[in-house]
Amino acid sequence: MKALTRWFIDNPVAANLLMIFILAGGWLTLDDPRVESFPQTPPTQLIISVDYPGGTPGQVDLGITQRIEDAISGVPGVRNIVSESHRGEALIRVRKKTGTDLSRLMEDIRNQIESIVGFPEQAERPRIYRDEFTNLASFVLIYGGRNDALLQKVSGRVERALKTHPEISQVTNLGKRKHQLSVEPDINKLKRHGLSIETLAQIIGDWSLEYRSGELKTARGNIVLRGDSHADNLVKLKNLPVVVSGGTSIKLGELATVRRTFEQTESIVRFQGKSAIALMVSTSQKDNLLKVSDAVIEVLDAQRPTLPTGVELDVMADMAPYIEDQIDLLSDNALQGLMIVLVVLGLFLGFRLAFWVALGIPISLAGAVWVLGLPALDYSINDITLFGVILVLGVLVDDAVVVGESIHSARQRIADPRQAAWEGVDAVAVATVYGVLTTIAAFSPMLWIDNELAKVLAGFSAVVSAALIFSLIESKFVLPSHLSYPHKTSAGAKHWGLRGFARLRKACTGTLDGFANTVYAPLLRSALRHKRTTLLIFVTVTLLAYGLQTKGHIRSVFFPEIPGRYATALVTMDVDAPFELTRKTGAVLEHAVIETGLLLQQEYGLPTSAIDKYVLSLEDKGTIELDAELSAAALARIPGQRVLDLWASEAGTRRQLLGEIHPGQRTGRRHCDLGIHGESRTRQAHRLNARRRTPKTARRQRRL
């Protein structure tokens with residue numbers, strides 16, 4: 001390294017080319033790294049799903065779940081198995097061991113399941129798939145309208161428009177219901193023709209099947225024999241002949257009301273108090289979150305003029321503003337760091353030196369962005385990597401400051417600027433190199449540890465290490481070359497501003513030298529003379545800090561809960577609670593959140609309600625969830641805990657009244673348990689993303 005440093009000092013053009021090369025690499029690859037809210041990790045578990053129509057949880061568990069558990073528990077590479085038995089469905093999650101190839105494990109498990117004999121006849125074929133993680137980009141809400149059929153129609157059109165946009169790759173319709181043909185027979189008409197409900201059902205079933213009877217080979221070619229008149233749409237079903245007598249037939253449309261409807265479920269989604277359907281837009285491993293967010297807004301703007309009267313579109317849980325805030329925070333911190341370096345070093349060491357030292361920040365950041373953009377590494381710009389860059393900003397300039405100050409001191413003793421630059425770098429080379437290497441060593445283990453947490457934090461380690469490496473390159477090769485030029489002092493300058501700055505700099509330097517000679521140096525000599533006392537003082541301070549942490553005066557958490565824009569109320573209903581009570585409890589939550597927003601508006605003098613948007617979901621009769629989004633004014637002025645406390649008070653009061661009206665009948669307790677909490681944006685994104693992957697109807701769970 002010493003030889004390279006000397007060569008760059010003697011060849012300043014090469015140093016400038018290296019600087020330009022790093023800056024250009026960072027600028028040209030600025031748009032290459034994908035942007036996402038949270039780093040995506042490869043799947044680590046498989047999901048086995050088996051449908052058993054009409055089966056009770058006990059029947060599903062005994063006939064399907066336990067059989068699958070017994071068959072796959074001995075497969076090599078299985079870490080644990082978590083099983084859930086639902087009404088009509090078995091769901092088994094298989095987590096792999098570290099180092100196990102998921103594709104090979106999937107094939108081994110498939111072979112074991114296919115060898116199982118004795119599944120119930122009504123059970124469908126098991127489905128095995130990877131538990132892929134996708135990042136939430138936003139929720140598109142279609143709400144209002146006259147009826148659910150209209151919302152279903154509009155949601156299908158909006159979903160197709162979103163999927164056809166080139167920037168959007170994944171759209172999931174969370175409220176989509178299957179079409180079905182409904183036949184409502186007239187009992188009197190059936191009796192008049194000697195038919196029963198069972199007979200009619202058999203006739204419809206016979207006409208709703210497609211038959212293939214073989215292939216007829218002729219001289220003109222092969223003819224496939226098949227029955228093509230199966231009733232598979234509304235017109236054919238209405239014209240289906242039920243009673244045929246003497247060349248005349250009575251069609252199904254004459255005996256029953258036939259119409260197209262949607263399957264009936266007990267799930268309800270309401271947005272702003274109106275019936276709604278939610279479309280979840282997600283990002284894949286190749287999508288840019290910011291571009292996806294812009295594309296969603298573009299599609300919705302194009303769809304709004306075509307909406308039926310009363311139907312509206314809105315966006316909730318948009319993740320793009322959070323990343324934009326992080327990028328803005330990074331830009332502000334970098335700019336503030338540049339200004340602090342320029343001002344402080346300019347006052348004590350000169351503006352020329354301060355400028356070249358401060359340039360180490362953009363050079364290091366450009367190098368880090370360049371590394372993130374390399375296809376071989378496949379890192380993204382997300383919450384974790386942006387946090388790493390913000391954290392390392394204060395470290396990036398340290399090497400350059402140390403080298404710059406050392407060169408400045410050498411120039412006070414050595415007349416030749418190139419020799420002074422060389423000796424200044426050489427004096428601190430070992431300390432700065434080892435300082436960077438030890439910092440990289442502290443972060444690097446997360447790059448090669450093979451577990452889920454390490455994979456999430458790998459981007460953090462990579463961006464910190466890359467930024468530190470480029471800061472070391474800049475301080476050892478680029479900075480010495482720029483500080484090896486002779487320059488004039490401003491002491492004899494003719495301009496009054498330069499003369500005034502020279503006097504100010506002289507005063508600041510004198511004050512610093514005075515502090516070093518009268519305070520710092522005597523204190524340092526005293527500490528060196530009394531080594532044991534100095535060591536005892538530091539040990540005492542360390543023990544005091546440890547004691548404060550042990551007693552809870554200094555709290556510590558691995559992932560701090562930074563309040564975000566959202567608050568969530570989750571109500572878990574008793575198993576025996578009637579659906580009507582669940583619906584009324586949801587209405588109570590809606591009234592409570594509206595009242596909370598108005599009370600906070602009055603308390604803090606806000607122009608609008610503190611609760612900007614809210615969405616209520618009853619995905620089954622056992623779970624109610626309401627997500628509320630704070631307005632921008634409320635987010636800036638109201639403490640998050642105040643929102644939660646007031647909402648909990650309002651919801652608790654209303655729930656108590658509801659509980660007194662509908663007490664628990666068999667358990668002697670109220671029918672529901674209420675929990676209200678705030679969320680960091682990371683947890684909120686994970687929870688909202690998991691809503692489409694994790695059923696909420698589990699009644700039993702087993703872990704092997």
Side-chain angles (χ1 to χ4, degrees), residues 1-32 334-335 337-339 341-342 345-346 349-374 392-393 395-433 435-437 440 465-490 493 498:
M1 181 172 286
K2 291 184 178 181
L4 280 175
T5 301
R6 187 75 186 190
W7 187 83
F8 275 105
I9 291 176
D10 294 335
N11 298 272
V13 175
N16 288 329
L17 288 176
L18 176 61
M19 177 187 67
I20 294 172
F21 183 68
I22 295 174
L23 291 173
W27 176 260
L28 293 176
T29 59
L30 191 59
D31 292 334
D32 291 347
L335 182 60
L338 284 171
M339 296 304 299
V341 170
L342 285 173
L345 292 185
L349 302 179
F351 267 121
R352 179 187 176 90
L353 185 145
F355 172 78
W356 290 115
V357 169
L359 196 62
I361 293 179
I363 292 176
S364 302
L365 292 181
V369 172
W370 186 17
V371 169
L372 287 179
L374 293 177
V392 82
L393 271 178
V395 185
L396 292 180
V397 78
D398 287 353
D399 296 333
V401 170
V402 173
V403 172
E405 193 277 334
S406 181
I407 294 175
H408 177 77
S409 299
R411 295 193 65 159
Q412 308 301 316
R413 300 178 283 101
I414 303 173
D416 184 5
R418 291 191 177 183
Q419 185 63 27
W422 158 247
E423 293 194 9
V425 175
D426 185 61
V428 296
V430 175
T432 52
V433 170
V436 170
L437 293 180
I440 293 175
S465 301
L468 289 173
I469 290 173
F470 278 100
S471 73
L472 187 63
I473 293 174
E474 191 274 339
S475 64
K476 295 298 180 291
F477 304 143
V478 178
L479 181 62
S481 176
H482 291 150
L483 298 182
S484 64
Y485 286 95
H487 59 275
K488 297 180 180 180
T489 62
S490 57
L498 295 177

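All values below were derived from every heavy atom in this structure, side-chain atoms included, with hydrogens, water molecules and symmetry-related copies excluded. The shown structure was predicted, so the numbers you read here are calculated from the model rather than taken from an experiment.
Note: W370 and F21 have perpendicular aromatic rings, judged against thresholds of 30 and 60 degrees for the angle between ring planes.
Note: S481 OG to R418 CZ = 8.0 Å, rounded to the nearest 0.5 Å. Distance CD1/I473 to CG/L479: 13.5 Å, rounded to 0.5 Å. Here the straight-line distance linking atom CG of L359 with atom CD of E474 works out to 6.5 Å at 0.5 Å rounding. Here the CG-CD1 distance, from L17 to I22, works out to 11.5 Å after rounding to the nearest 0.5 Å. One distance of note links CG of L472 with CG of L396; it measures 11.5 Å at 0.5 Å rounding. Distance check, rounded to the nearest 0.5 Å: NE2 of H482 to CD1 of I9 gives 11.5 Å.
Nearest heavy-atom pair, A421 versus S484, reported as atom, atom and distance to 0.1 Å: CB-CB, 3.9 Å. When all heavy atoms of V369 and T29 are compared, the closest pair comes out as O-OG1, 3.9 Å. When all heavy atoms of A334 and L365 are compared, the closest pair comes out as CB-CD1, 4.2 Å. Heavy atoms only, all atoms of each residue included: R411 and P417 are closest at NH2-CB, 3.6 Å. The minimum heavy-atom distance between A15 and V478, with the atom names listed, is O-CG2, 3.9 Å. When all heavy atoms of G404 and L353 are compared, the closest pair comes out as O-CD1, 3.2 Å.
Proximity of E405 to V357: side-chain heavy atoms (C-beta onward) are nowhere separated by under 4.5 Å. Side-chain contact between I20 and L23 is absent, with no heavy-atom pair separated by less than 4.5 Å. Annotation: side chain of L4 is not in contact with side chain of K476 (no heavy-atom distance under 4.5 Å). Two residues are said to be in side-chain contact when any heavy atoms from C-beta on lie closer than 4.5 Å; P362 and L338 meet this criterion.
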Verdict with supporting geometry, V395 and D398, side chain to side chain contact (heavy atoms under 4.5 Å, CB included):
CA-CA 5 Å; V395 185; D398 287 353; 4.2 Å; yes

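Using a distance-only test at 3.5 Å, with no hydrogens or angles considered, no donor-acceptor pair links the side chain of S406 to the main chain of V403. S364 places no side-chain N or O within donor-acceptor distance of the main-chain N or O of I361, the cut-off being under 3.5 Å.
Counting non-hydrogen atoms of other residues, nucleotides and ligands closer than 6.0 Å to CH2 of W7 gives a total above 12.
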